[in-house]
Amino acid sequence: MSHTIRKATADDAGALAALAAVTFPLACPPSSSAEDIAAHLANTLSEQHFERYLADPDITILVLDSGDRLNGYSLLVNRPAADPDVASVLTLVPSVELSKCYVHPEHHGLGAAAELMHASLRAAADAGGAGVWLGVNSQNARAIRFYEKSGFRKVGTKSFQLGTTVEHDFVLELALDEPPISSDAGTMERC
């Protein structure tokens, strides 16, 4: 399937929220309640939130655009980590957060996630980052494998609020001078 990776625009906010509603629940632990997932979508991944992200000069959103719809996105935050648990374990400064990185399930296993990751790392380097960090749910083995294949290494842990539940994340970090990721890395999800 043909697609391009491009920087998102304000016109993409609704499509990004719709995509998030499909992709985010797939990344959550099986024990996550529908209510907690819905609360997170409403409080973090709504169209209004994407409008704010797109207007923030410290945030870059890349989209995997197939022409008729968006099939993936990443959200990079180019500012110091606010979470003290994260800030205390990062070794690469300045570091860009890969806050969100999702691919529609119809594109899993097709190399789209690896392409989006490669473009995200390039954008982080272009923003002046020495490294990239992310949080991934400690139960999300598939995502952890993808990130490790992409060159990320575990450097610590942090908490993640999912609705009324506190989840436990691994903090992973990657130096931006690492070799490019392999195109067979598979798929990635965040939660």
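Only this structure's heavy atoms are used, side chains among them; waters, hydrogens and symmetry mates stay out.
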Counting distance only, does the side-chain N/O of Asp58 pair as donor-acceptor with the main-chain N or O of Arg79 below 3.5 Å?
no
Where Ala113 and Val103 come nearest, the two heavy atoms and their spacing
CA-CG2, 3.7 Å
According to a hydrophobic-cluster definition based on side-chain heavy atoms being under 4.5 Å apart (Ile, Leu, Val, Met, Phe, Trp, Tyr only), do Tyr53 and Phe160 belong together?
yes
A side-chain contact here means heavy atoms from C-beta on lying under 4.5 Å apart; do Leu162 and Phe24 qualify?
yes
The test is side chain to side chain contact (heavy atoms under 4.5 Å, CB included); show your working for Leu70 and Leu64 and say whether it passes.
CA-CA 6 Å; Leu70 301 183; Leu64 182 68; over 6 Å; no
Which atom names give the shortest non-hydrogen contact between Ala87 and Ala81, and what distance separates them?
CB-O, 4.0 Å
With the side chain counted from C-beta on, respond yes when His3 and Asn71 share a heavy-atom pair under 4.5 Å apart, and no when they do not.
no
Assert yes or no for the condition that the ring centre distance of Phe50 to Tyr73 is strictly below 6.0 Å.
yes
Is the side chain of Ser32 donor-acceptor paired with the backbone N or O of Cys28 at a distance under 3.5 Å, no angle test?
no
Donor on one side chain, acceptor on other, Asp65 and Thr4, under 3.5 Å:
no
Should Val171 and Leu134 be counted in the same cluster of Ile, Leu, Val, Met, Phe, Trp and Tyr side chains packed under 4.5 Å apart?
no
If the condition is salt bridge (charged side-chain N to carboxylate O under 4.0 Å, His left out), which residues does Glu106 pass it with, not counting sequence neighbours?
Arg69
Indicate the atoms forming the closest heavy-atom contact of Leu54 with Ala8, along with that distance.
CD2-CB, 3.6 Å
Could you give me the CA-CA distance, side-chain angles and deciding distance for Ser95 and Glu173, then say whether side-chain hydrogen bond (donor to acceptor under 3.5 Å, both in side chains) is met?
CA-CA 9 Å; Ser95 191; Glu173 185 178 46; 4.7 Å; no
Any Asn137 side-chain heavy atom under 4.5 Å of Pro29 side chain:
yes
With a 4.0 Å cut-off, would you call Lys154 and Asp169 a salt bridge?
no
Report, one line per pair, each donor and acceptor closer than 3.5 Å where one atom sits in a side chain of residues 10-17; sequence neighbours left out.
{"unit_1": "Asp12", "atom_1": "OD1", "unit_2": "Arg6", "atom_2": "NH2", "d": "3.0"}
{"unit_1": "Asp12", "atom_1": "OD2", "unit_2": "Arg6", "atom_2": "NH1", "d": "2.8"}
{"unit_1": "Asp12", "atom_1": "OD2", "unit_2": "Arg6", "atom_2": "NH2", "d": "3.3"}
{"unit_1": "Asp12", "atom_1": "OD2", "unit_2": "Thr9", "atom_2": "N", "d": "2.8"}
{"unit_1": "Asp12", "atom_1": "OD2", "unit_2": "Thr9", "atom_2": "OG1", "d": "3.4"}

Would you mind reporting whether Leu116 and Leu62 have side-chain heavy atoms less than 4.5 Å apart?
yes
Has the side chain of Asn78 got a donor or acceptor atom that lies under 3.5 Å from a matching backbone atom of Ala127?
yes
For the residue pair Leu26 and Pro105, establish whether any side-chain heavy-atom pair is separated by less than 4.5 Å.
yes
Linking I/L/V/M/F/W/Y whenever their side-chain heavy atoms sit closer than 4.5 Å, directly or via other members, would Leu76 and Leu92 fall into one cluster?
no
Can you tell me how far the CG atom of Leu19 sits from the NZ atom of Lys100, to the nearest 0.5 Å?
13.0 Å
Between the side chain of Ser138 and the main-chain N/O of His168, is any donor-acceptor distance below 3.5 Å?
yes
CD1 of Ile5 to OG of Ser74: how many Å apart, nearest 0.5 Å?
8.0 Å
I want to check something: taking the side chain as every heavy atom from C-beta on, are Thr60 and Leu75 in contact at a cut-off of under 4.5 Å?
no
Quick one: are Leu176 and Val132 in side-chain contact, heavy atoms under 4.5 Å?
yes
Hphob cluster co-occupancy, Leu98 + Trp133, side-chain heavy atoms under 4.5 angstrom
no
Same cluster or not: are Tyr102 and Ile61 linked, directly or through other Ile, Leu, Val, Met, Phe, Trp or Tyr residues, by side-chain heavy atoms under 4.5 angstrom apart?
yes
Between Glu167 and Ser159, is there a side-chain donor-acceptor contact under 3.5 Å, judged purely by atom types and distance?
no
Take the angle between the ring planes of His104 and His107 and call it parallel below 30°, perpendicular above 60°, tilted in between.
perpendicular
Are Phe146 and Met117 packed together at the side-chain level, in the sense that at least one heavy-atom pair is separated by less than 4.5 angstrom?
yes
Taking only distance into account, with no hydrogens and no angle test, what donor-acceptor pairs under 3.5 Å do side-chain atoms of residues 38-45 form with protein atoms, sequence neighbours excluded?
{"unit_1": "Asn43", "atom_1": "ND2", "unit_2": "Ala39", "atom_2": "O", "d": "3.0"}
{"unit_1": "Thr44", "atom_1": "OG1", "unit_2": "His40", "atom_2": "O", "d": "3.4"}

